Amino acid sequence: MKQKKTLLYLILTGLILLAGCAAGSGKGENAAGAWFGEEHEELMERDMMKSSAPAARAENAQTADSTAGEESPAFSPEPDAETERKRVYNGSVGLIVDNSDQVRRDLEKLAVETGGYIESSYADYLVLRIPEEQFSETFEKVLLMGTVDFRELSSWDVTEQFSDLSRRLDTAMKTRERLYALLESSKDAKERAAILREIGRLSEEIESLKQQKELLESRIAFSRITVTLIPRLQEGHMGSTIPFGWISSLDPLFPASDKLRARVTLNPGEEFALFDKESVFMAEDAAGNSLFISSVDNRPQGDALFWQEALLFHMQKFYANARPLNIPIGEKEFRAVRFTSRDREPFAYTVGVLADGDDLHIIEIFTPDAKSDTSRLMNAIAAGGIR
């Protein structure tokens, strides 16, 4: 009887400690494995907004030529004076180039020389991972490789999230160690079965927390620079042929908008890290799969079917294929189009909409490997986590 009371006390204590860590970090409505950046800080040196992605390139090309030679503002990812903060740095740039292949080779060489690597490479996009301490210098070198069409710098302070993950992982591992010790001393079959079940549950949670912590450590250590290559004599330019601003600005690697006018509570899975960038919902896993949710004005006002057909009509010519998807979400319907790129190793880009009166909620899923299974993300969306 004494052993059973000890077991019950130990398990309850461990669960209370784990719950306390989660509650302290504001995870009441999300899975235990998820984390949020609560103190996102936009950099003061942001030169241009997201509107200068593919949609605005046609309008910005002439201005870019006149400003490309200007000196870029300094950007120094230094820690705070009192405590060393943990930050994730991102840079994005669109370069108008004469020779895409040569610039691609130069970028690959630059990444390797810094001690970084190429995270992914497609016909029009390259994602570089650069050691954090060389981020500023490398970003400046990238800007010199072509005519700058757009550029953006951003950062997330993830100090609290990193500390929370570390605390939860430490608590879970210590609780499991105590359970192992109790298992060795227990002789009762039912009691041993209960201990083993709890050890199994904790082991799954520990692996999930380890995966999230490793992802966060990687994002902190290696900053990301996304480069969009725009041939100077590009034919069929997307921005010049699409009358709807938010569609013409779509980019697989960036949210459609920097605003979100919906309450999002969906859980994409414990392997995903969640970023709270202002009010935009962003999730990413270690494989590079990402989920963005943002909002735009529903103008001209249309239902989900109208916008799905607009996506198909205007965007399918830029991809190898396009497939419509219809998913009911309560009384509403999530309508989307899954696009597959023309690359030798294609990526998949799913864009969906939820019409809500004057607001249009845009859901974007990017998968580096077009063969990846996105059913889990789709099921999370279908569960109704967007209101």
Side-chain angles (χ1 to χ4, degrees), residues 10-43 77-90 129 132 154-179 198-224 255 260 263-293 376-377 380 385:
L10 182 60
I11 292 176
L12 288 176
T13 300
L15 293 176
I16 290 171
L17 285 171
L18 290 171
C21 290
S25 59
K27 295 177 177 61
E29 296 178 347
N30 298 281
W35 59 267
F36 287 84
E38 297 171 354
E39 299 181 6
H40 172 261
E41 179 182 2
E42 288 293 342
L43 300 179
E78 297 179 354
D80 294 349
E82 297 182 359
T83 178
E84 185 171 349
R85 310 296 295 180
K86 295 185 182 297
R87 296 180 180 274
V88 171
Y89 294 94
N90 284 332
R129 293 293 294 274
E132 181 268 342
S154 60
S155 76
W156 291 267
D157 187 330
V158 296
T159 309
E160 297 302 322
Q161 291 71 39
F162 187 85
S163 297
D164 175 67
L165 276 174
S166 299
R167 286 193 299 267
R168 293 168 61 201
L169 179 58
D170 183 64
T171 300
M173 293 181 69
K174 287 180 178 178
T175 303
R176 187 175 65 173
E177 288 176 4
R178 296 191 183 102
L179 287 174
E198 184 62 14
I199 288 175
R201 186 196 67 77
L202 279 171
S203 295
E204 291 181 0
E205 181 167 357
I206 287 169
E207 290 306 309
S208 174
L209 291 171
K210 283 183 176 179
Q211 184 179 21
Q212 292 177 70
K213 187 176 179 182
E214 289 172 359
L215 170 60
L216 188 53
E217 288 174 334
S218 174
R219 291 301 309 276
I220 293 169
F222 288 88
S223 301
R224 178 176 288 166
L260 177 60
R263 183 167 176 263
V264 179
T265 58
L266 65 83
N267 172 27
E270 292 185 352
E271 68 274 19
F272 277 83
L274 305 184
F275 294 83
D276 183 21
K277 182 185 179 183
E278 296 180 353
S279 59
V280 176
F281 183 92
M282 302 173 65
E284 179 186 338
D285 70 4
N289 299 300
S290 61
L291 169 65
F292 303 139
I293 303 177
R376 188 169 182 176
L377 286 176

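Only a predicted model underlies this, so the values are computations on that prediction, with no experimental measurement involved. We count residues from 1, following the sequence as given.
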| How long is the span from the OG1 atom in Thr175 to the CG atom in Leu179, to the nearest 0.5 Å? | 7.0 Å
| Under 3.5 Å: donor-acceptor pair, side chain of Ser163, backbone of Thr159 | yes
| field | Carboxylate-amine/guanidinium proximity below 4.0 Å for Glu198 and Arg201 | value | yes
| task | Would you give the length of the straight line joining atom CZ of Phe162 to atom CG of Asp157, rounded to the nearest 0.5 angstrom? | result | 12.5 Å
| message | Distance check, rounded to the nearest 0.5 Å: Leu291 atom CG versus Asp285 atom CG? | response | 10.5 Å
| task | Evaluate the side-chain proximity of Leu215 to Phe272: yes if any heavy-atom separation is below 4.5 Å, no if none is. | result | no
| task | Heavy atoms only: give me the nearest Ile293-Val280 pair and the separation to one decimal. | result | O-CG1, 3.5 Å
| query | Closest approach of Pro268 and Ala380, non-hydrogen atoms and distance? | reply | CA-CB, 4.3 Å
| request: Spell out, as yes or no, whether a donor-acceptor pair under 3.5 Å connects the side chain of Ser218 to the backbone of Glu214. | output: no
| Side-chain heavy-atom pair Arg85, Glu160 within 4.5 angstrom cut-off | yes
| task | Please round to the nearest 0.5 Å and tell me the distance separating atom CD of Glu284 and atom CG of Asn289. | result | 9.0 Å
| field | Atom pair CD/CZ of Glu132 and Arg87 - distance to nearest 0.5 Å | value | 10.5 Å
| field | With Glu271 via salt bridge (Lys or Arg N to Asp or Glu O under 4.0 Å) - residues at least two apart | value | Arg376
| query | Of all heavy-atom pairs between Leu169 and Lys213, which one has the smallest distance, and what is that distance? | reply | CD2-CD, 4.2 Å
| Less than 4.5 Å apart, any side-chain heavy atom of Arg129 and any of Arg219? | yes
| said: With heavy-atom distances below 4.5 Å as the criterion, would you say the side chains of Ile206 and Met173 are in contact? | reply: yes
| field | CG-OG distance between Asn90 and Ser155, expressed to the nearest 0.5 angstrom | value | 9.0 Å
| remark: Residue set satisfying salt bridge (Lys or Arg N to Asp or Glu O under 4.0 Å) with Arg176, at least two apart, ordered chain then number -> none
| message | Applying side-chain hydrogen bond (donor to acceptor under 3.5 Å, both in side chains), can you list everything that pairs with Lys174, at least two apart in sequence or on another chain? | response | Asp170
